[in-house]
Protein chains: 2
Amino acid sequence: MYEDLKYWYLRDHKLFRTLSFGQIRQLCIITGFKKAKKGEIIYFSSSDLPRIFLLKKGNIKIVAVDEDGNETIKDIIQKGDLFGELTLEADSQSNEYAKVLSNDVAICSFLMSDFEDLLLRNPSLALSYTKFVGLKMKRIKNSYSNLISKDAKTRLFQFLKDWAEKEGKKIEDKVVIENYLTQNDIAQIICTSRQTATQLLNEMETNGTIIYSRKEIIIRDISKL
Amino acid sequence: MYEDLKYWYLRDHKLFRTLSFGQIRQLCIITGFKKAKKGEIIYFSSSDLPRIFLLKKGNIKIVAVDEDGNETIKDIIQKGDLFGELTLEADSQSNEYAKVLSNDVAICSFLMSDFEDLLLRNPSLALSYTKFVGLKMKRIKNSYSNLISKDAKTRLFQFLKDWAEKEGKKIEDKVVIENYLTQNDIAQIICTSRQTATQLLNEMETNGTIIYSRKEIIIRDISKL
DNA sequence: AATGATTTGTCGGCTATGTTACAGTTCTAG
DNA sequence: CTAGAACTGTAACATAGCCGACAAATCATT
């Protein structure tokens, strides 16, 4: 029964959909299944054995701390996303951890080495996984080049657009996003100061392009972003 | 004989070193083997069939053009590097091309689909390749976060340091780099205006940290960068 | 050797954005 | 219900680095 649970938790992910029950049993080791609450911190890069994680429920942010102690948001992970040592290469020096944003999350994980074995036995999965990593790379490239070449306003617009696309719910002609980020979070994601983010958001609100509150963000007309 | 040539040209790359002669024959299709001269432009994203390229000799830059016609340097490719559709996913919209920087280059290429077949038959190669793509991703992340969080001067320093490490020749306690980039190129790589790059380089020269000419750059004391 | 093209050098004004600083608002935990 | 913490709002000021403009130097081609 517990075995079955594990099975479904992985099967769920599109990457693993092609695998048989038996094959997933090979990856028998969802050694970790964890729940956590808002604000909790989950260390993963420095964990004993390198792992790959799968977020089953909720939202987390990946935060990196540099030498000077500055925090930067590396990524926002949503339900269904993989995170951790996706490159299959343990990286001791990257000083990253995950912080829970939503009220509670559920995470499962498996050992990198076990995953490698599975890939070796399933070339087509290996290929899919490579493409998956590649896609991730492309996304990163894209968002970074936005960060570099556009000004803060454009970056905010782009961010909201992406967010709406990923998680927004269309209600009539508006898009409603559940807002689990603080303005500071948003600022960090689009790489600007909190103040500028605040200003821009307020500006958009007075313009009537969005309705902002701590609970949700409503975008009037997504095509105008 | 010609077959043998192809073989060696691939065998050369560390990724393919583990493959047998026969396996490389499977990838029998180094359909392209091309030479080009300085300034030439090589289109690859829009090429008929998606390919993966291997630069055998020389240096090229990967340039992307955005909607407004602005050119940005995406990458500098050196002898031995792979480039092209590394993610194994044809990408029609990325408007990229390669421009030859050194006096002449030699490039060989093979079809993405053939490469995929090879990966399917060689799980361990697939794994290596995944790690290779992963590594590339990590590098990109790294350099981008430099671009974002550091100022132009630090970026230039970092760039010179990397360049020296990759290509510099140690002569006594100095490092000499063959300079095939214009100041404009450098500016684009570190994402600043040409003027600022010029200013910073001159500043470094008067400081005595580097000796700059169009042919070569000499770094006095690399540890001081 | 000459001419045009490319690359480099330099300057002053301008703008977006970070910084510092503080006040008001909303949430949270006891 | 209340105090403290965490967020949000606003403003003045400083500045890195972009941009336009143009001159000087170097390279490439005939």
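Per chain, numbering begins at 1; letters A, B, ... match sequence-line order.
Contact annotation: A/Asn202 side-chain N/O to D/dG9 OP1/OP2 distance is under 4.0 Å.
B/Asp104 pairs by the salt bridge (charged side-chain N to carboxylate O under 4.0 Å, His left out) definition with B/Lys57, not counting sequence neighbours. Residues satisfying the salt bridge (charged side-chain N to carboxylate O under 4.0 Å, His left out) criterion with A/Asp162, sequence neighbours excluded, are absent altogether. When the side chain to side chain donor-acceptor pair (under 3.5 Å) test is applied to B/Gln183, the partners found at least two apart in sequence or on another chain are B/Thr198. With sequence neighbours left out, the side-chain contact (heavy atoms from CB on, under 4.5 Å) criterion links B/Ile148 to A/Tyr144, A/Leu147, A/Ile148, A/Cys191. For A/Glu167, the side-chain contact (heavy atoms from CB on, under 4.5 Å) partners are A/Asn59, A/Gln78, A/Trp163, A/Tyr180, not counting sequence neighbours. The side-chain contact (heavy atoms from CB on, under 4.5 Å) check on B/Asp173 picks up nothing, with sequence neighbours excluded. B/Lys136 meets the salt bridge (charged side-chain N to carboxylate O under 4.0 Å, His left out) test with B/Asp75; sequence neighbours excluded. B/Lys153 pairs by the side chain to side chain donor-acceptor pair (under 3.5 Å) definition with B/Glu203, not counting sequence neighbours.
Along DNA chain C, read 5' to 3', the first and last nucleotides having any atom under 4.0 Å from a heavy atom of chain B are C/dT7 to C/dT10.
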Seminar exercise, completed: Counting primed atoms, P, OP1 and OP2 as sugar-phosphate and everything else as base, the B/S/- map of nucleotides 17-24 of chain D against protein heavy atoms under 4.0 Å is SSBBB---
Seminar exercise, completed: Each nucleotide of nucleotides 25-30 of chain D classed B (base within 4.0 Å of a protein heavy atom), S (only sugar-phosphate) or -, in 5' to 3' order, makes -SS---
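Atom C1' of nucleotide D/dC7 and atom OH of A/Tyr180 are separated by 18 Å, given to the nearest angstrom.
With a 3.5 Å limit on both pairing distances and Watson-Crick or G-U wobble geometry required, the stems of 3 or more pairs in DNA chain D span C:1-30 with D:1-30.
Under a 3.5 Å cut-off, the side chain of B/Thr209 and the backbone N or O of B/Met204 do form a donor-acceptor pair.
Relative orientation of the B/Phe110 and B/Phe115 rings is tilted, given thresholds of 30° and 60° on the angle between their planes.
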